[in-house]
Student: 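Let me give you the structure first, and then I'll get to my questions.
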2 protein chains.
Amino acid sequence: MMKILVTNDDGIHAKGINALIHHLGEIAELYVAAPDRERSGTGHSITVFEPIRVKEVKVAKAKRSWVVGGTPVDCVKLAMSRLVEGVDLVVSGINHGPNLGTDVLYSGTVSAAAEGIIMGAPAIAVSLDCFEEDPDFEYAAKFTCEIIEMIKEKGIDRRTILNLNIPALKPEAIKGVRITKLGVRNYENLFEERKDPRGNTYYWLGGGIKEEQQDVDSDVLAVKEGYISITPIHLDLTDYRLLNEYKKYFTKDFLKK
Amino acid sequence: MMKILVTNDDGIHAKGINALIHHLGEIAELYVAAPDRERSGTGHSITVFEPIRVKEVKVAKAKRSWVVGGTPVDCVKLAMSRLVEGVDLVVSGINHGPNLGTDVLYSGTVSAAAEGIIMGAPAIAVSLDCFEEDPDFEYAAKFTCEIIEMIKEKGIDRRTILNLNIPALKPEAIKGVRITKLGVRNYENLFEERKDPRGNTYYWLGGGIKEEQQDVDSDVLAVKEGYISITPIHLDLTDYRLLNEYKKYFTKDFLKK
């Protein structure tokens, strides 16, 4: 049976991860290592200055589960180096809210999946495109199972994260699946300026999504139009286009100027 | 005069950023927005649940400077949306310690530069390959100025971060400059398992760098061999290789199974 490590960034008590565990538990040997509280926006951060507490807990349908006092990336790094051997797949989510376009860089959900790749296992990040308070994660969890069945059959590239974003629609209203690229995601009025009770200024990150021109195959557009978006994400950040161009600038004499 | 925004992840009091400010102040109109304390390993994290405090301070050679109670990415996002208009270039560093290979994902220094790109300005991340306590940042700061002079002359791609790693050697011992790609960077014994005074287990991130086979043009190898490494880094995480392959899997009937 496939060994799957489940994590998220909304914390172990979130509804999204529990829907995922409920369904994945039927098709895989499940291990859970999730943050003790919500850790949204933590990106690829790791805890270096503080110790990390780990507490084993019982979670129905999972073989073993741990609550981790760290970031989503800490959860995956620690679980794969100390707690579970031979993880075949990391599944991160289901996030309450989308992870689209440039926003994947800030996303604890996607970064936890990325850490799976770094630690040697392929990975899936799953997000539900919904900002409302108590969404239904059932369909998204079932769809994730279908993707995993497909991976069992056809394989998956070890260097690639599949980033799933699922519209919060009734199953029959979902139009289909699109394989997409990361689209454009910018915000306006990013920070609110406020005054504290003593009259000192502080800022709070907020901001509304800017409506922008999207390519036909953008993830943002797919979800907006009612499709499930699947983006293959890689971690090779070297800009090969520019390697040769810059090589011309740095001749042997550059340092002697 | 070029408008440069300087930030780092070691905090505003670190020696590295102050060496940078000292030298960049001679060639540019300088703005500083740096974290109030060390924020290493924060990756691309942003502060979403808490307000961010900003305090204007006087820093010699900078036109205006702010201490920010947030992550390096917060500093750049906030400065470019609220504090400084028309930033031409973001310079992040000089980090105390290298930022090479996969480690760039965890790096607050590189992530702050990445945020520059997202907010619309080209960016440079600068790190000194040194773990000793009180290194000399002078040469690294001067070299960064040379790179900026080159950028003024030849331009820089707005979507690319230049990731500089400078060996902690005497200037005359540095062998030259190599344009590199991100190399392999893995660790062994990642977490130390310890007991607290009550006998409970906790973990602490540590680990030694694994010596691994590197490509000739790897950043890790360049620095090891005494060269300054410059890697162009992009943020386009879509894995285009796999887009078409995966498209074949998801025919119109996939959802109807």
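Each chain gets a letter, A, B and so on, in the order the sequences are listed, and its residues count up from 1. All figures in this text were calculated on a predicted structure; none of them were measured in a lab.
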Student: For the NZ atom of B:Lys248 and the CD1 atom of A:Ile179, what is their distance to the nearest 0.5 Å?
Tutor: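 So the gap between those two atoms works out to 12.0 Å.
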
Student: Tell me, side chain or backbone of A:Arg178 under 4.5 Å from chain B's heavy atoms, or both, or neither?
Tutor: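 Neither part; nothing is under 4.5 Å.
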
Student: Given that the side chain runs from C-beta out, which part of A:Leu190 has a heavy atom under 4.5 Å from chain B: side chain, backbone, both or neither?
Tutor: side chain

Student: Is it the side chain or the backbone of B:Val104 that comes within 4.5 Å of chain A heavy atoms, both, or neither?
Tutor: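 The side chain, not the backbone.
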
Student: Can you list everything that forms a ring pair (Phe, Tyr, Trp, His ring centres under 6.0 Å) with B:His44? Sequence neighbours excluded, please.
Tutor: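 Applying ring pair (Phe, Tyr, Trp, His ring centres under 6.0 Å) to B:His44 gives A:Tyr106.
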
Student: So what's closer than 4.5 Å to chain B heavy atoms on A:Ile230: side chain, backbone, both or neither?
Tutor: side chain

Student: Picking from B:Val68, B:Leu235, B:Leu205, B:Thr102, which has the most non-hydrogen pairs under 4.5 angstrom with chain A?
Tutor: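 Option with the greatest count: B:Leu205.
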
Student: Does B:Ser218 use its side chain to pair, donor to acceptor, with the backbone of B:Leu221 at less than 3.5 Å?
Tutor: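 Present.
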
Student: Is the shortest side-chain heavy-atom distance between A:Thr201 and A:Tyr203 below 4.5 Å?
Tutor: yes

Student: What part of B:Ser81 gets within 4.5 angstrom of chain A, counting heavy atoms only: side chain, backbone, both, or neither?
Tutor: side chain

Student: Could you walk me through whether B:Arg53 and B:Asp36 satisfy the salt bridge (Lys or Arg N to Asp or Glu O under 4.0 Å) test, starting with their C-alpha distance in whole Å, then the side-chain angles of each, then the deciding distance to 0.1 Å, before giving a yes or no?
Tutor: CA-CA 10 Å; B:Arg53 295 272 169 186; B:Asp36 53 0; over 6 Å; no

Student: For B:Leu162, which atoms come within 4.5 Å of any heavy atom of chain A: side chain, backbone, both, or neither?
Tutor: side chain

Student: Measure B:Lys55 against the heavy atoms of chain A and call it side chain, backbone, both or neither at under 4.5 Å.
Tutor: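 Neither part.
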
Student: Please flag which part of B:Glu193 lies under 4.5 Å from any non-hydrogen atom of chain A: side chain, backbone, both or neither.
Tutor: both

Student: In terms of heavy-atom pairs under 4.5 Å, which option from A:Ile52, A:Asp74, A:Val48 contacts chain B the most?
Tutor: A:Ile52

Student: Between A:Asp215 (side chain) and A:Asp217 (backbone), is there a donor-acceptor pair under 3.5 Å?
Tutor: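 Side chain of A:Asp215 to backbone of A:Asp217, a donor-acceptor pair under 3.5 Å: no, none is there.
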
Student: Is there a salt bridge (Lys or Arg N to Asp or Glu O under 4.0 Å) between B:Glu56 and B:Arg64 once you walk through the steps?
Tutor: CA-CA 8 Å; B:Glu56 185 152 9; B:Arg64 296 185 71 185; 2.7 Å; yes

Student: Is B:Ile117 close to chain A through its backbone or its side chain, or both, or neither, when contacts mean heavy atoms under 4.5 Å?
Tutor: neither

Student: Between B:Ile161, B:Asp157, B:Val54, which residue shows the highest count of heavy-atom pairs closer than 4.5 Å to chain A?
Tutor: B:Asp157

Student: Under a 4.5 Å heavy-atom cut-off, does chain A meet the side chain of B:Asn163, its backbone, both or neither?
Tutor: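 Interface part for B:Asn163: neither.
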
Student: More than 12 non-hydrogen atoms from neighbouring residues, nucleotides or ligands closer than 6.0 Å to CZ on B:Arg159, yes or no?
Tutor: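 No, because the 6.0 Å sphere around CZ of B:Arg159 holds 12 heavy atoms or fewer from other groups.
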
Student: Can you tell me which of B:Asp219, B:Asp196, B:Thr160, B:Leu243 forms the most heavy-atom pairs within a distance under 4.5 Å of chain A?
Tutor: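 Most pairs with chain A among the choices: B:Leu243.
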
Student: Heavy-atom distance under 4.5 Å to chain A: side chain of B:Tyr240, backbone, both or neither?
Tutor: side chain

Student: Could you tell me which portion of B:Glu38 (side chain, backbone, both or neither) has an atom closer than 4.5 angstrom to a non-hydrogen atom of chain A?
Tutor: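 For B:Glu38, heavy atoms of backbone and side chain both lie under 4.5 Å from chain A.
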
Student: Against chain A, label B:Arg194 side chain, backbone, both or neither, depending on which of its atoms sit under 4.5 Å from a heavy atom there.
Tutor: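 Contact with chain A is absent: no heavy atom of B:Arg194 under 4.5 Å.
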
Student: Minimum heavy-atom separation for B:Pro35 to B:Cys75, with atom names?
Tutor: N-SG, 3.5 Å

Student: Check the pair A:Asp103, A:Tyr187 against side-chain hydrogen bond (donor to acceptor under 3.5 Å, both in side chains), reporting the backbone distance first and the verdict last.
Tutor: CA-CA 10 Å; A:Asp103 283 355; A:Tyr187 293 82; 2.4 Å; yes

Student: Heavy-atom distances under 4.5 Å only: say whether B:Thr180 touches chain A with side chain, backbone, both or neither.
Tutor: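 Answer is backbone: N, CA, C or O of B:Thr180 sit under 4.5 Å from chain A.
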
Student: For A:Lys181 and A:Thr231, run side-chain hydrogen bond (donor to acceptor under 3.5 Å, both in side chains): C-alpha distance rounded to whole Å, both residues' side-chain angles, the deciding distance at 0.1 Å, then the answer.
Tutor: CA-CA 6 Å; A:Lys181 61 179 193 189; A:Thr231 312; over 6 Å; no

Student: What part of B:Leu182 gets closer than 4.5 Å to chain A, counting heavy atoms only: side chain, backbone, both or neither?
Tutor: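 Looking at B:Leu182, backbone and side chain both touch chain A.
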
Student: For each of A:Tyr202, A:Trp204, A:Phe49, tally heavy-atom pairs with chain B at distances under 4.5 Å, and name the one with the top tally.
Tutor: A:Trp204

Student: Above 12 or not: heavy atoms from other molecules or residues under 6.0 Å from CD of B:Glu172?
Tutor: yes

